[in-house]
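Working notes, beginning with the structure itself.
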Protein chains: 2
Amino acid sequence: MATERSGGGDPVRTLALLWRRPAEPKPVGRKPKVSVDQIVVAAIAVADREGLGAMSMARVAQELSVGTMSLYTHVPGKGELIDLMTDAVLQERDLTPAGTWRERIKHYADRTRAVYQAHPWMRDVSMVRPPLGPGLMDGQEFVLAALADSGLEPKQVTVAHVAVEGFVHGAASSEVDDRQLEETTGESSDSWWGARQVFWEDYFDVERYPTMTNLWNANAYHTETTIADNMRSGFDYGLEKLLDGIEGGMR
Amino acid sequence: MATERSGGGDPVRTLALLWRRPAEPKPVGRKPKVSVDQIVVAAIAVADREGLGAMSMARVAQELSVGTMSLYTHVPGKGELIDLMTDAVLQERDLTPAGTWRERIKHYADRTRAVYQAHPWMRDVSMVRPPLGPGLMDGQEFVLAALADSGLEPKQVTVAHVAVEGFVHGAASSEVDDRQLEETTGESSDSWWGARQVFWEDYFDVERYPTMTNLWNANAYHTETTIADNMRSGFDYGLEKLLDGIEGGMR
DNA sequence: TATTGTTTCCGTATGGCCTACGGAAATGGG
DNA sequence: CCCATTTCCGTAGGCCATACGGAAACAATA
């Protein structure tokens, strides 16, 4: 399945839901069996356990012992529900502003990474038209504040923000992608690569790929670490170097 | 829809397809109406025009005027077909090794970005268990060769490789995500943000978001550029700073 | 030409998805 | 008790991937 798109519906309705601005309470009429909060929590639970692909309206309704169509009374549709789920988990970051600007950005990266680890389906959510809720906005403010404190010019802050945000979400996505594949396919990454041993035997061409061959012979790939560890250190290194570059560019 | 997973089938069969190692020609039996190449080309055409979500086996078969199940004679399943599509478009990069190591990495980034622009559905393909075909391998060799020429130690080359590859694919994905949303939803990004004007009026809290307020007042967001241009310059800036950092880290 | 072995083609069937529609059921006030 | 209001939810339509197995096409042989 391709990436889930959200944020397509009526902005006024969706924003009111994201910020939980309640419609004035209804004095009459049938009592609701479920609330928006319950639906969001149940949907997150299903997606955490079985992936976003399994998070169908029917499945969430089942989780709540309610008919499928009842959900549509409280939530406009599936896209908006994903918006609500996304902002809810972003709020879990609970960012604490302390330390140098670099430390705060690393804190942001760590907390964001933790969200992705806890909710791997975040990998499948597009963030180019994000839910404009408190979870997203608080994160943006946090990163912008750190970058502003670094001494960058205002215009540079906004440019650097795009770069940092892109790197963090991209890195978190890739890491989680790996972990999620292990769960959904039931095959570990190491096993997957092992099953493709035949590639190196039958298809790898030493003449065509001299650099890879050299690196192999230099033992650059002979580590005790797992695939996941390699990705993690690659991204840690990348963020460090990106911040080095940003810092160095100011002089 | 969530991200498409591929590479799940029999590795031997999939590798033979990726490298077009033909089974020995069949002298007898019914003549095939379609070839693997035709199927891949048709699938890419459908995905280019209508997105990966619309690229169903039935839709591809229709494109070729063939029954749906006929495809399964030539391709094990949908996952493997996506592998073949992916490697095919990666081959379009046609990388030319010239210039300094930095210039070559930027060349790689540009060519990869061009592939994503031409085939926006690449955003929806997971690259953590990539198709081990010529398109992918040539790209890896190219980046590794550039990094090795930069003077990094072998072990550092492999770490930096993860960071660069992650950044480039992440950046290309985000850019294309934006473009693809414009096509599939029929609403431009500028229009989408415009429709959320109400957010700034009804929900934005100046006290809660002082940095954003300051940046706004400093005219940091008052540019003539589009969303897409902003993303592009953010990622160009980020790659530049990342390479600065890698270069600086060697001294 | 008729037969046989081999390969490809493809119709059917299963179980899932989202959500428009509209009637049934519950609730509080008069 | 009645009725306006609100929520609940069954049905129905049109998509998806692919297992299975028989029909059809083709080359070599008799």
Side-chain angles (χ1 to χ4, degrees), chain A residues 1-6 8-10 13 22-36 38-39 42-43 46-47 50-83 85 121 124 184-185, chain B residues 1-6 8-10 13 22-36 38-39 42-43 46-47 50-83 85 121 124 184-185:
Chain A
M1 45 185 171
T3 305
E4 294 288 344
R5 313 300 187 183
S6 53
D10 171 30
R13 172 95 191 269
E24 64 274 13
K26 316 286 171 52
V28 298
R30 185 173 179 169
K31 292 272 179 279
K33 290 171 76 172
V34 290
S35 67
V36 171
Q38 283 172 2
I39 293 173
V46 171
E50 306 169 36
L52 196 57
M55 196 286 288
S56 67
M57 297 302 269
R59 184 74 189 70
V60 173
Q62 187 192 48
E63 191 84 357
L64 293 166
S65 304
V66 159
T68 306
M69 293 311 295
S70 302
L71 303 185
Y72 287 89
T73 303
H74 308 279
V75 165
K78 195 187 184 188
E80 289 83 353
L81 177 54
I82 293 174
D83 275 342
M85 296 165 65
W121 47 268
D124 298 322
T184 59
T185 68
Chain B
M1 43 183 172
T3 304
E4 294 287 346
R5 313 301 186 182
S6 52
D10 172 30
R13 172 93 192 271
E24 65 274 12
K26 316 286 170 54
V28 299
R30 185 172 178 169
K31 292 270 179 284
K33 289 171 78 172
V34 289
S35 67
V36 171
Q38 283 171 3
I39 293 173
V46 170
E50 306 168 39
L52 196 58
M55 197 286 288
S56 67
M57 297 302 268
R59 184 73 188 72
V60 173
Q62 187 191 50
E63 192 83 358
L64 293 166
S65 304
V66 158
T68 306
M69 291 312 293
S70 301
L71 303 184
Y72 287 89
T73 303
H74 308 279
V75 167
K78 195 187 184 186
E80 289 83 352
L81 177 53
I82 293 173
D83 275 343
M85 295 166 64
W121 47 268
D124 298 323
T184 59
T185 67

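Just so you know, these numbers use all the heavy atoms, side chains as well, and skip hydrogens, waters and symmetry mates. Proteins get letters first, then strands, A, B, ... in listed order; numbering begins at 1 in each.
Counting to the nearest Å, the P atom of D/dC15 and the CZ atom of B/Arg59 are 12 Å from each other. In this structure, B/Gln38 places its CD atom 14 Å from C1' of C/dT8, rounding to the nearest Å. At whole-Å resolution of the value, CE in A/Met55 and C1' in C/dT19 are 14 Å apart. Atom-to-atom, NZ of A/Lys33 to P of C/dA26 comes out at 10 Å; the value is rounded to the nearest Å. Put simply, CG on B/Leu64 is 14 Å from C1' on C/dC10, counting in whole angstrom units. Note: CG (A/Leu52) to C1' (C/dC17) measures 13 Å, nearest angstrom. The distance between atom OH of A/Tyr72 and atom P of D/dT11, rounded to the nearest whole Å, is 17 Å. Rounded to a whole Å, the CD1 atom of A/Ile39 is 12 Å from the C1' atom of D/dC8.
With the nearest nucleotide of DNA chain C identified for both B/Val34 and B/Val28, B/Val28 has the one nearer the 5' end. Nearest-nucleotide assignment on DNA chain D puts the 5′-proximal partner with A/Met69, out of A/Met69 and B/Pro76. Residues B/His74 and A/Arg30 each lie close to DNA chain C; by heavy-atom proximity, the contact nearer the 5' end of the strand is made by B/His74.
Using a 4.0 Å cut-off between charged nitrogen and carboxylate oxygen, B/Glu80 and B/Arg13 do not count as a salt-bridge pair.
For C/dC18, the OP1/OP2 oxygens have a side-chain nitrogen or oxygen of A/Lys78 closer than 4.0 Å. The phosphate of D/dC8 has neither OP1 nor OP2 within less than 4.0 Å of any side-chain N or O from A/Lys31. Close to C/dC10, at under 4.0 Å from its OP1 or OP2, lies a side-chain N or O of B/Ser70. Put simply, A/Thr68 has no side-chain N or O that comes within less than 4.0 Å of OP1 or OP2 on D/dC9.
Heavy atoms of B/Gly29 sit under 4.0 angstrom from at least one base atom.
In terms of heavy-atom proximity, B/Gly77 sits nearest to B/Tyr72 at CA-CE2, 3.9 Å. Across A/Lys78 and A/Met55, no two heavy atoms sit closer than the pair CE-O, 3.2 Å.
The OG atom of A/Ser65 sits 8.0 Å away from atom NZ of A/Lys33, with the distance rounded to the nearest 0.5 Å.
Considering only the side chain of B/Val66, C/dC10 comes nearest among D/dC16, D/dT7, C/dC10.
For the pairing with A/Val60, the side chain to side chain contact (heavy atoms under 4.5 Å, CB included) check across A/Leu71, A/Val34, A/Thr68, A/Val66 returns one residue only, A/Leu71.
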